[in-house]
Structure formats: C-alpha cells, structure tokens
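I have a structure here, written as structure tokens, and I will follow up with some questions on it.
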Amino acid sequence: MPSKEQLMEHWVSSGIIKDKKVIEAFKKVPRELFVAEERKEEAYGDYPLPIGEGQTISQPTTVMIMTQALELKKGDKVLEVGSGSGYQAAIIADIIGNKGKLISTEIVNNLAELAKENIKKLKLKNAEIIKHDGSKGYAKEAPYDKIIITAACPKIPNPLIKQLKEGGVIVAPVGNMNEQVMIKGKKIDGKIIEENLGEFMFVPLKGKHGY
Ligand code: SAH
C-alpha cells in the first residue's frame, strides 16, 4: 500500500500532476473520511473503493488527473455530476476557495446523503450537494466556469454544453459501459474542442442523458 506521501512523490516525479494546487488539495483533504470504515487502511491505495449502492470512489490518480484538467482557479463556479462519497467535491471546493462555488449533483439518495455528511464534516461552506439527475445539468445555478462528470457517459450531454460558459472547461469519461476515454473539452464559439487524456473506466451515468 503506498502512503499518501509516496503517491504525491510519484505524481510529481513522473510529471503526471504539475499543478501544485492539486497536490496541496490532496495533502489537505483526508481521503480516509470518504471511504467505508472497514477499508480505511486502504484509503491511499491507488484503486477505486466501494462506497455502497454499487458505486465507487475513483482511484486517487484519476481524481487528480481530472482535477488538474479542470484548470481550476480561485473563485470558479463548478458543477459536478456524480457526488458519490463527496471526495472529488471536497478537492475542488478546497482549490476554488471561499469566493468559488461548487454544485455537486447525485442521483442516488443515500449517496447524496453520504456526500452531504462528508462535506459537512470538513466544514466546506462553498460546496453544495444536491439530489438531482445531473445528466440534465443544473440550470438554476448555470452558467459554470467548469463542469466535471465522474460517471461514464455515452456522449457529453447537450444541456451540460449549454450550461458551460464560453471559454469554460468540461472533463468527462466518454465511451461505452466498459471503457471510456477521458475528454477535456474547451467551449470555443459555442462548440466543444476536445482533447483526449487517455483510457479510464467508470461506473455508468444514469438519468435522462445517461445509459
Ligand atoms: N465523484 C465521486 C465518485 C463518483 S462514482 C467521489 O468522489 O466519490 C459516480 C457517481 O455518479 C455515483 O455515485 C452515481 O450514483 C452517480 N450518478 C450516476 N448517474 C448520475 C446522474 N445522472 N446524476 C447525478 N449523479 C449520477
């Protein structure tokens, strides 16, 4: 099992994570709070762990790659689709600071409750967890500087493209249910210009624009 420090050293020395804000957030947020009691010793294992309801908290390296791809800045307004444990939400909330705002949507009631509890424990006032079908986005708070989908999607849902600001970034695993490529999209002249960040595997997106 790697230690928290070993993971950070690996990301920095391999060049996988260059954004210091991402490393600082990883250092600060206690991942052990977000995994099940009986898997706490494995909190820094670099693999996904079950969080109930057949869902998983993504492996640390994946969370950091997605976070870095978002090009987060203090004061950003961010939408997350798929709160799960709330870990990714906590990392984003830490980076965007008090002037920023994170809205995180979760379709499964029990997981929305779990994420809410975890966010509350860390006293993150700039993060809000909402039980909602995030495949439709969340129009009430739109537009967003950044959007992240942490479940596999057949394609980037159109409402999310609409709710992204011009110049904004969306990060999402796109593909079939068994494998996806991580897409980093920038909205330029209303269209998404895509960059491929490699292959990943996520649980499927549900809801109106999911599978
Ligand atoms: N980001 C999470 C892990 C996400 S796992 C973490 O840090 O722990 C993917 C999550 O997306 C699951 O919790 C699943 O219930 C949720 N999900 C799937 N479809 C969704 C939808 N349409 N809207 C919101 N959440 C959804």
Side-chain angles (χ1 to χ4, degrees), residues 22 25-26 28-36 39-40 42-70 72 78-95 102-122 124 127-142 144 146-161 163 170-177 180 182 200-211:
V22 175
F26 176 74
K28 233 157 103 186
V29 178
R31 194 168 195 270
E32 54 277 15
L33 269 191
F34 295 82
V35 303
R39 304 297 290 268
K40 286 224 183 314
E42 294 173 79
Y44 294 96
D46 203 11
Y47 43 83
L49 286 171
I51 52 171
E53 309 285 338
Q55 307 301 316
T56 54
I57 174 172
S58 307
Q59 76 181 81
T61 297
T62 303
V63 175
M64 299 311 139
I65 288 173
M66 292 179 84
T67 306
Q68 174 169 265
L70 284 172
L72 294 170
V78 184
L79 174 69
E80 179 184 29
V81 181
S83 316
S85 67
Y87 179 67
Q88 173 76 71
I91 294 282
I92 294 171
D94 179 74
I95 298 175
L102 169 73
I103 305 290
S104 181
T105 57
E106 172 55 56
I107 202 164
V108 176
N109 201 33
N110 285 346
L111 293 175
E113 290 306 316
L114 172 71
K116 267 184 207 168
E117 268 170 41
N118 286 338
I119 291 295
K120 207 164 146 194
K121 274 189 217 154
L122 293 185
L124 291 165
E128 194 180 338
I129 310 288
I130 297 170
K131 156 82 178 72
H132 179 72
D133 173 6
S135 78
K136 300 191 276 194
Y138 191 67
K140 218 166 125 187
E141 294 273 358
Y144 302 95
K146 314 283 161 66
I147 299 179
I148 175 170
I149 310 178
T150 62
C153 6
K155 63 188 269 267
I156 296 177
N158 273 331
L160 294 181
I161 298 174
Q163 291 172 27
I170 183 163
V171 176
V174 178
N176 58 37
M177 294 235 244
Q180 305 92 39
M182 190 64 70
F200 289 83
M201 215 186 115
F202 279 77
V203 294
L205 182 72
K206 302 172 196 167
K208 187 163 183 223
H209 299 274
Y211 287 101

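Read the numbers this way: they start at 1 and go in the same order the structure lists the ligands and their atoms.
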For Lys120, what residues pass the salt bridge (Lys or Arg N to Asp or Glu O under 4.0 Å) criterion, not counting sequence neighbours?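 So Lys120 forms no salt bridge (Lys or Arg N to Asp or Glu O under 4.0 Å) with any residue.
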
Output the list of atoms in ligand 1 that are nearer than 4.0 Å to some heavy atom of Leu205, sorted by atom number.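 Those atoms are 19 (N), 20 (C), 21 (C), 22 (N).
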
Identity and distance of the protein heavy atom lying nearest atom 4 (C) of ligand 1: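 Closest protein heavy atom to atom 4 (C) of ligand 1: Thr150 OG1, 3.3 Å.
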
Shortest protein heavy-atom distance from atom 23 (N) of ligand 1, along with the residue and atom involved: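 It is Gly134 N, 2.8 Å.
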
Examine the proximity of ligand 1 to Ile107 and report which part, side chain or backbone, both or neither, has a heavy atom under 4.0 Å away.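 Both parts.
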
Does any N/O atom on Leu111 come nearer than 3.5 Å to any N/O atom on ligand 1?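 No.
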
So which of Thr67, Val63, Ile65 actually passes side chain to side chain contact (heavy atoms under 4.5 Å, CB included) with Val22?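 Only one of Thr67, Val63, Ile65 forms a side chain to side chain contact (heavy atoms under 4.5 Å, CB included) with Val22, namely Thr67.
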
Proximity flag His132 to ligand 1, non-hydrogen atoms under 4.0 Å: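 Judged by the 4.0 Å heavy-atom criterion, His132 does count as contacting ligand 1.
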
Run the numbers for me: atoms of ligand 1, each under 4.0 Å from some heavy atom of Val108, listed by number.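 Matching atoms, with element in brackets: 15 (O).
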
Pairs where residues 56-66 contributes a residue and the test side chain to side chain donor-acceptor pair (under 3.5 Å) is met, not counting sequence neighbours: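 Sorted result for residues 56-66: Trp11-Thr61, Asp46-Gln59, Asp46-Thr61.
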
Is it the side chain, the backbone, both or neither of Gln55 that has a heavy atom closer than 4.0 Å to ligand 1?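 For Gln55, the contact with ligand 1 is made by the side chain alone.
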
Distance from atom 7 (O) of ligand 1 to nearest protein heavy atom, with residue and atom: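 Heavy-atom neighbour on the protein nearest atom 7 (O) of ligand 1: Gln88 N, 3.0 Å.
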
Can you name the closest pair of heavy atoms from Phe202 and Met182 and give their distance?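 Between these two residues, the closest heavy atoms are CE1-CE, 3.6 Å.
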
Note: Lys208-Asp133 ion pair, threshold 4.0 Å (strictly below):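 Asp133 and Lys208: not salt-bridged.
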
From the options Asn109, Asn118, Val63, Thr56, select the one whose nearest heavy atom is closest to atom 5 (S) of ligand 1.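 Ranked by closest heavy atom to atom 5 (S) of ligand 1, first place is Thr56.
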
Should Ile57 be counted as touching ligand 1, given the test is an N or O pair under 3.5 Å?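 No; the residue has no nitrogen or oxygen that sits under 3.5 Å from a nitrogen or oxygen of the ligand.
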
Taking side chain as C-beta onward, heavy atoms only, is Leu160 less than 4.5 Å from Ile170?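 Yes. Closest side-chain heavy atoms under 4.5 Å.
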
Go through the steps to decide whether Glu42 and Val35 satisfy the test side chain to side chain contact (heavy atoms under 4.5 Å, CB included), and finish with yes or no. CA-CA 9 Å; Glu42 294 173 79; Val35 303; over 6 Å; no

With a 4.5 Å cut-off on side-chain heavy atoms, are Leu111 and Gln55 touching?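 Yes, side chains in contact.
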
Answer whether the closest heavy-atom distance between the side chains of Glu80 and Gln88 falls below 4.5 Å.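 Yes, at least one pair of side-chain atoms sits under 4.5 Å.
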
Checking a contact table here: which protein heavy atom is nearest atom 15 (O) of ligand 1, and how many Å away?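 That would be Glu106 OE2, 2.6 Å.
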
Quick test: of every protein heavy atom, which one is nearest to atom 11 (O) of ligand 1, and how far off is it to 0.1 Å?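 Among all protein heavy atoms, the one nearest atom 11 (O) of ligand 1 is Gly82 CA, 3.2 Å.
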
How far is atom 18 (C) of ligand 1 from its nearest protein heavy atom, and which residue and atom name does that atom have?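 Here the closest protein heavy atom is Lys206 N, 3.7 Å.
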
Using a heavy-atom cut-off of under 4.0 Å, does the side chain or the backbone of Ser83 touch ligand 1, or both, or neither?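 The backbone, only.
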
Quick one: does ligand 1 sit under 4.0 Å from the side chain of Glu80, the backbone, both or neither, non-hydrogen atoms only?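 The part of Glu80 near ligand 1 is the side chain, not the backbone.
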
With the side chain counted from C-beta on, respond yes when Ser104 and Glu128 share a heavy-atom pair under 4.5 Å apart, and no when they do not.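 Contact flag for Ser104/Glu128 side chains = no.
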
Taking the side chain as C-beta and beyond, is there a heavy-atom pair between Leu33 and Ser85 under 4.5 Å?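 Leu33 vs Ser85: side chains apart.
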
Distance to 0.1 Å, residue and atom name: give those for the protein heavy atom nearest to atom 8 (O) of ligand 1.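 Residue, atom and distance for the closest contact: Ser85 OG, 2.6 Å.
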
